[in-house]
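What follows is one structure encoded as structure tokens, with my remarks underneath.
A note on names: the letters A, B, ... follow the listed sequences, proteins ahead of strands, and every chain is numbered from 1. All figures in this text were calculated on a predicted structure; none of them were measured in a lab.
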There are 2 protein chains.
Amino acid sequence: MAGGAVLPTKENHAETFARLRDAHAREVTEDYVEMIADLIVEEGEARAVSLAERFGVTPATVNNTIKRLERDGFVSSRPYRSIFLTEAGQALADKCRERHQIVYDFLIALGLDAKIAEFDAEGIEHHVSAETLEVFRKFTEARKTGD
Amino acid sequence: MAGGAVLPTKENHAETFARLRDAHAREVTEDYVEMIADLIVEEGEARAVSLAERFGVTPATVNNTIKRLERDGFVSSRPYRSIFLTEAGQALADKCRERHQIVYDFLIALGLDAKIAEFDAEGIEHHVSAETLEVFRKFTEARKTGD
DNA sequence: AAATCAATTTAGCATGGGCTAACTTTTTGC
DNA sequence: GCAAAAAGTTAGCCCATGCTAAATTGATTT
Ligand SMILES: [Mn+2]
Ligand SMILES: [Mn+2]
Ligand SMILES: [Mn+2]
Ligand SMILES: [Mn+2]
């Protein structure tokens with residue numbers, strides 16, 4: 001029951017939050033490369049206007065973000081043209097898409113609505129460790145074959 | 001198996017990300033009020049220096065954040081004194097502590113290590129809808145009574 | 001009661017990630 | 001082939017969240 005909720009040590013606690021801030025710093029990058037990969041599959045190319053629509057932000061915001069992604073080596077683009085993933089970007093996108101799918105499938109396996117699973121997965125995906133992801137994956141798998 | 005991952009409609013997708021950005025904007029607030037409540041219980045009061053240690057940030061950063069929280073009606077403080085939760089702050093802290101605990105217990109019920117559950121819960125807690133939280137809670141409950 | 005030490009505050013700065021408005025370029029339709 | 005529409009870019013702004021360095025205040029110890 002452990003009602004007596006003792007706080008973690010200061011050092012552990014600080015490390016937890018440091019890693020959390022790191023995770024947050026990567027979220028937008030991860031969602032963008034994932035979305036760019038999806039758009040290339042679904043629409044043949046990833047245009048800024050599509051990204052803006054999908055994320056619900058202005059084209060100016062997309063432009064800023066794409067510049068950062070380019071600076072960080074995840075995408076390449078030429079003025080007024082569509083956006084491409086670099087090898088690093090594609091690798092990250094693959095990893096994120098897989099992780100996203102595992103989280104989504106897990107939520108569905110737990111019996112949640114598609115709409116809710118969709119929304120929650122979009123946030124949770126960035127905060128699951130490799131260990132947790134593996135547990136999610138196995139759980140979903142067991143549910144599928146189990147009955 | 002639904003391998004053909006069709007994207008959500010543009011409108012749904014945009015709404016998902018809008019809500020996600022909202023959730024992010026609340027994360028720091030939520031972690032602060034939760035931590036302030038914990039410190040008051042564990043140490044008798046919440047001092048800026050303790051918050052700085054726990055979050056692994058500088059006292060200057062804590063000061064900035066506390067000013068925002070005060071502006072937003074979640075805490076009250078006087079210069080060089082410790083920090084108090086307002087009613088709204090206490091209510092939010094209670095809600096967050098409960099939610100945090102449910103997520104943590106759920107991860108433990110899934111068989112994860114305490115260390116990992118602790119870290120992942122700190123991120124995931126901000127991204128679980130009421131529905132998902134309820135499913136988590138029931139799952140943990142079933143595991144406890146079930147065997 | 002000083003002196004010291006710890007805690008807090010302030011000032012000034014940076015980056016990420018949003019926005020609007022104005023402008024340029026490309027694409028499309030006639 | 002040109003005009004209009006769509007897409008992309010740029011400039012200038014805002015706020016949140018972090019930082020360092022310096023100043024200030026509060027607490028402790030002799
Ligand atoms: Mn995603
Ligand atoms: Mn996401
Ligand atoms: Mn998050
Ligand atoms: Mn948290």
Side-chain angles (χ1 to χ4, degrees), chain A residues 10 14-36 39 43-84 122-123 126, chain B residues 10 14-36 39 43-84 122-123 126:
Chain A
K10 286 169 192 175
E15 199 210 322
T16 292
F17 283 102
R19 287 175 58 197
L20 188 59
R21 284 190 294 273
D22 273 8
H24 277 146
R26 272 190 299 269
E27 292 198 21
V28 170
T29 294
E30 292 179 345
D31 284 335
Y32 265 71
V33 296
E34 204 187 333
M35 187 75 83
I36 290 166
L39 286 173
E43 306 185 347
E45 61 177 347
R47 316 253 3 171
V49 67
S50 298
L51 289 169
E53 274 171 357
R54 290 282 163 185
F55 287 122
V57 298
T58 63
T61 295
V62 168
N63 227 337
N64 283 342
T65 305
I66 293 301
K67 282 207 195 97
R68 271 203 314 283
L69 295 188
E70 196 153 20
R71 180 200 65 189
D72 297 341
F74 294 114
V75 310
S76 68
S77 73
R78 295 193 326 280
Y80 296 96
R81 288 275 110 81
S82 67
I83 296 145
F84 298 91
E122 199 58 72
H126 308 282
Chain B
K10 285 168 192 176
E15 200 210 321
T16 292
F17 283 102
R19 286 176 58 195
L20 188 60
R21 285 189 295 273
D22 273 7
H24 277 147
R26 273 190 299 268
E27 291 199 21
V28 170
T29 293
E30 293 179 344
D31 284 335
Y32 265 71
V33 296
E34 203 186 336
M35 187 75 84
I36 290 166
L39 286 173
E43 306 186 347
E45 59 176 349
R47 316 262 348 183
V49 66
S50 297
L51 289 169
E53 274 172 358
R54 291 282 162 185
F55 287 122
V57 299
T58 63
T61 295
V62 169
N63 226 339
N64 282 342
T65 306
I66 293 301
K67 282 209 195 96
R68 272 204 314 282
L69 295 188
E70 198 153 17
R71 181 200 65 188
D72 296 343
F74 294 115
V75 310
S76 68
S77 73
R78 295 194 322 281
Y80 296 97
R81 288 276 112 81
S82 66
I83 296 145
F84 299 90
E122 199 59 70
H126 309 281

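If you check every strand for non-hydrogen atoms under 4.0 Å, B:V28 touches sugar and phosphate atoms only. Among the protein residues, B:A60 comes within range of the nucleic acid bases, having at least one heavy atom under 4.0 Å from a base atom. Heavy atoms of B:R26 sit nowhere under 4.0 angstrom from any nucleic acid atom.
You'll find the side chain of A:V28 stays beyond 4.5 Å of the side chain of A:D31, heavy atoms only.
Contact between the side-chain N/O atoms of B:R68 and the OP1/OP2 oxygens of D:dA16 is not found at any separation under 4.0 Å. The shortest distance between the side-chain N/O atoms of B:R71 and the OP1/OP2 oxygens of D:dA16 is below 4.0 Å. Contact check, A:T58 against C:dC19: a side-chain N or O comes under 4.0 Å of OP1 or OP2. For B:T61 and D:dT17, the shortest distance from a side-chain N or O to OP1 or OP2 is not below 4.0 Å.
For the pair A:R47 CZ and D:dG8 C1', the computed distance is 9 Å after rounding to whole Å. Here C:dT15 presents its C1' atom at 12 Å from CG of A:D72, a figure rounded to the nearest Å. Separating the CG atom of A:N63 from the C1' atom of C:dA21 is a distance of 15 Å, rounded to the nearest angstrom. Per the geometry, CG belonging to B:D22 stands 17 Å off P belonging to D:dC15, to the nearest Å. Rounded to a whole Å, the NZ atom of A:K67 is 15 Å from the P atom of C:dG18. Look at OH on B:Y80: it is 8 Å from C1' on D:dG26, rounded to the nearest Å. Per the geometry, NE2 belonging to A:H24 stands 11 Å off P belonging to C:dG17, to the nearest Å. Counting to the nearest Å, the P atom of D:dG18 and the CD1 atom of B:I66 are 12 Å from each other.
Taking only side-chain atoms of B:R21, from C-beta outward, the nucleotide of D:dG26, C:dG18, C:dT9 with the closest atom is C:dG18. Nearest to the side chain of B:V49, among C:dT8, C:dT27, D:dG18, sits C:dT8.
Relative orientation of the B:H24 and A:H24 rings is perpendicular, given thresholds of 30° and 60° on the angle between their planes. Taking the six-membered ring for Trp and thresholds of 30 and 60 degrees, B:Y32 and B:F55 have nearly parallel ring planes, at less than 30 degrees apart.
Residues passing the salt bridge (Lys or Arg N to Asp or Glu O under 4.0 Å) test with A:E45, sequence neighbours excluded: A:R47.
Nearer to the 5' terminus of DNA chain C, by closest-nucleotide assignment, is the contact made by A:Y32 (compared with the other of A:P79 and A:Y32).
Of all heavy-atom pairs spanning A:A46 and A:S82, the tightest one is O-CB, 3.2 Å.
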